[in-house]
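Encoded as structure tokens, the structure appears first; notes follow it.
For the numbers below, each heavy atom of this structure counts, side chains included, while hydrogens, waters and symmetry mates do not. The chains referred to below are lettered A, B, ... by the order of the sequence lines, with proteins before strands, and numbering in each begins at 1.
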Number of protein chains: 2
Amino acid sequence: MSPRGELQNERMRAEAVEKITAAALSVFAEYGYAGATMKRIAERAGLSYGLVYHYFPSKADVFRSLVDFALESTIAGMQMILNQPGTAWERLERWSEVLIPNALAGASSRYFLIMLQAMTQARTVPGLLEHINERTAVYFQALAPVIREAQQAGDAVDGDPEVLATAFLSFLQGLALFVFHREELAKSVTPEMLMSVLRKR
Amino acid sequence: MSPRGELQNERMRAEAVEKITAAALSVFAEYGYAGATMKRIAERAGLSYGLVYHYFPSKADVFRSLVDFALESTIAGMQMILNQPGTAWERLERWSEVLIPNALAGASSRYFLIMLQAMTQARTVPGLLEHINERTAVYFQALAPVIREAQQAGDAVDGDPEVLATAFLSFLQGLALFVFHREELAKSVTPEMLMSVLRKR
DNA sequence: GTCTATACACTGATAGAC
DNA sequence: GTCTATCAGTGTATAGAC
């Protein structure tokens, strides 16, 4: 029997981590941080209990990695869209059109749930709250100037751009929550409704 | 020593239940259902561990009583305001003006957090999810006709009234979430912003 | 790299004294 | 009515075999 190549090992590891991450995503979204168990994550991943600890030092670290991915990928997506050409209002509209399906359907909707779980009950995870506050600040830093630009163009309603950004993001997170309980209704909410928070009357 | 009167006993019980409820409200809001412990609730109430179980059969029951109070009191408040005289739009505005401060400040803001916790991670509490879905249906049943009336009067935007109600309530719940992380910003959100979701353009 | 078995701490709930 | 002590169950994390 020839020894496994380093490349093959790397692939096995990547696959295991992938399985654990996917399972953890669904378990945390469903049960919350405290309610989720490592046993359940291992089962849903189809791996043994011990192996999860081979790849992640602790339950908190599994959760942190999910939160980080959720934060970084949405931030990257936002910045990409907001930096494209077009008027400020058009760029905000384009972002909404991406955001709404993401928050309400598909795999990425789970990440919105994870963020919700993290924000509501991750006080027990050391440093997580600070990290979230730090990274979500980026949303405001990126959004506020665009909103201000839209105000100057006469498209967006008057008011503190950061407050408007807060309203916008709150609305979005709230929608992700309602998908669980009123799925059909929540999925009928349109990007236009989200934009109505910012639109000049 | 004269025996305690029945009246005095009743008062002691009411006081203990009050203390437990207040403590549980803050602990559940802070840690979530699974993360909260009966020990912590007893400590925060300033009572012994055993006494909590003397008044509540289980942790789930403590939580359920909070969720129930949150649901029933907001439903009662909503129905009272929506049944007052005035145009449909005026009544919706009046409700928003009550809702925003409630969701964002004071003791009742905690109840919004409890509802959030219940909706995100109360799968483990038997029957709770069904109960929530049942009772929140009342919101839609009460809101939809008023929104439809406002549409006919030309004040509210077109679209399925239930979907609009979903957007409205999602926004509100999302705001309650952001109070924890961006308190000053969230508190600057106005009833007018909430109403913009429904307003005809 | 993957697994099973186990140590150790914590939590929900109960029993029984005062 | 209020308390302390305790039981049974569960959960995180680790050890060590293959």
Gap between atoms [atom1] and [atom2], on [X] and [N] respectively (whole Å):
{"X": "R40(B)", "N": "dG12(C)", "atom1": "CZ", "atom2": "P", "answer": "11 Å"}
{"X": "E43(B)", "N": "dT4(D)", "atom1": "CD", "atom2": "C1'", "answer": "14 Å"}
{"X": "F28(A)", "N": "dG11(D)", "atom1": "CZ", "atom2": "C1'", "answer": "13 Å"}
{"X": "L51(B)", "N": "dG12(C)", "atom1": "CG", "atom2": "P", "answer": "16 Å"}
{"X": "F63(A)", "N": "dT12(D)", "atom1": "CZ", "atom2": "C1'", "answer": "17 Å"}
{"X": "R13(B)", "N": "dG1(D)", "atom1": "CZ", "atom2": "P", "answer": "5 Å"}
{"X": "M38(A)", "N": "dT14(D)", "atom1": "CE", "atom2": "P", "answer": "10 Å"}

Counting the atoms with a prime plus P, OP1 and OP2 as sugar-phosphate, which does [X] contact under 4.0 Å by heavy atoms, base, sugar-phosphate, or nothing?
{"X": "F56(B)", "answer": "nothing"}
{"X": "A42(A)", "answer": "nothing"}
{"X": "T37(B)", "answer": "sugar-phosphate"}

Would you say [N] has OP1 or OP2 under 4.0 Å from some side-chain N or O of [X]?
{"X": "H54(B)", "N": "dG1(D)", "result": "yes"}
{"X": "Y53(A)", "N": "dT14(D)", "result": "no"}
{"X": "K59(A)", "N": "dT12(D)", "result": "yes"}

Between R135(A) and E72(A), is there a side-chain N and carboxylate O pair less than 4.0 Å apart? yes

Presence of salt bridge, R40(B) and E43(B), under 4.0 angstrom: no

Taking only the side-chain heavy atoms of S48(A) (C-beta and beyond), determine which of dC3(C), dG1(C), dC3(D) contains the nearest atom. dC3(C)

Let's see if you can work this out: which of dA13(C), dC3(C), dT2(C) has an atom nearest to the side-chain heavy atoms of L47(A)?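 Nearest to the side chain of L47(A) among the choices is dC3(C).
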
Look at the side chain of Q79(A) and the backbone N and O of A142(A), then say whether any donor-acceptor pair between them is shorter than 3.5 Å.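 No.
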
Hey, does the side-chain of Y55(A) have a donor or acceptor N/O within less than 3.5 Å of a partner on the base of dG1(C)? no

I'd like to know if Y49(A) reaches the base of dA13(D) with its side chain such that a donor and an acceptor end up less than 3.5 angstrom apart.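 Between dA13(D) and Y49(A), which were checked side chain against base, a qualifying N/O pair under 3.5 Å is present.
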
When the ring planes of F140(B) and F178(A) are compared, do they come out parallel, tilted or perpendicular, using 30° and 60° as the limits? perpendicular

Cut-off 3.5 Å, side chains only: do Q84(B) and R91(B) have a donor facing an acceptor? no

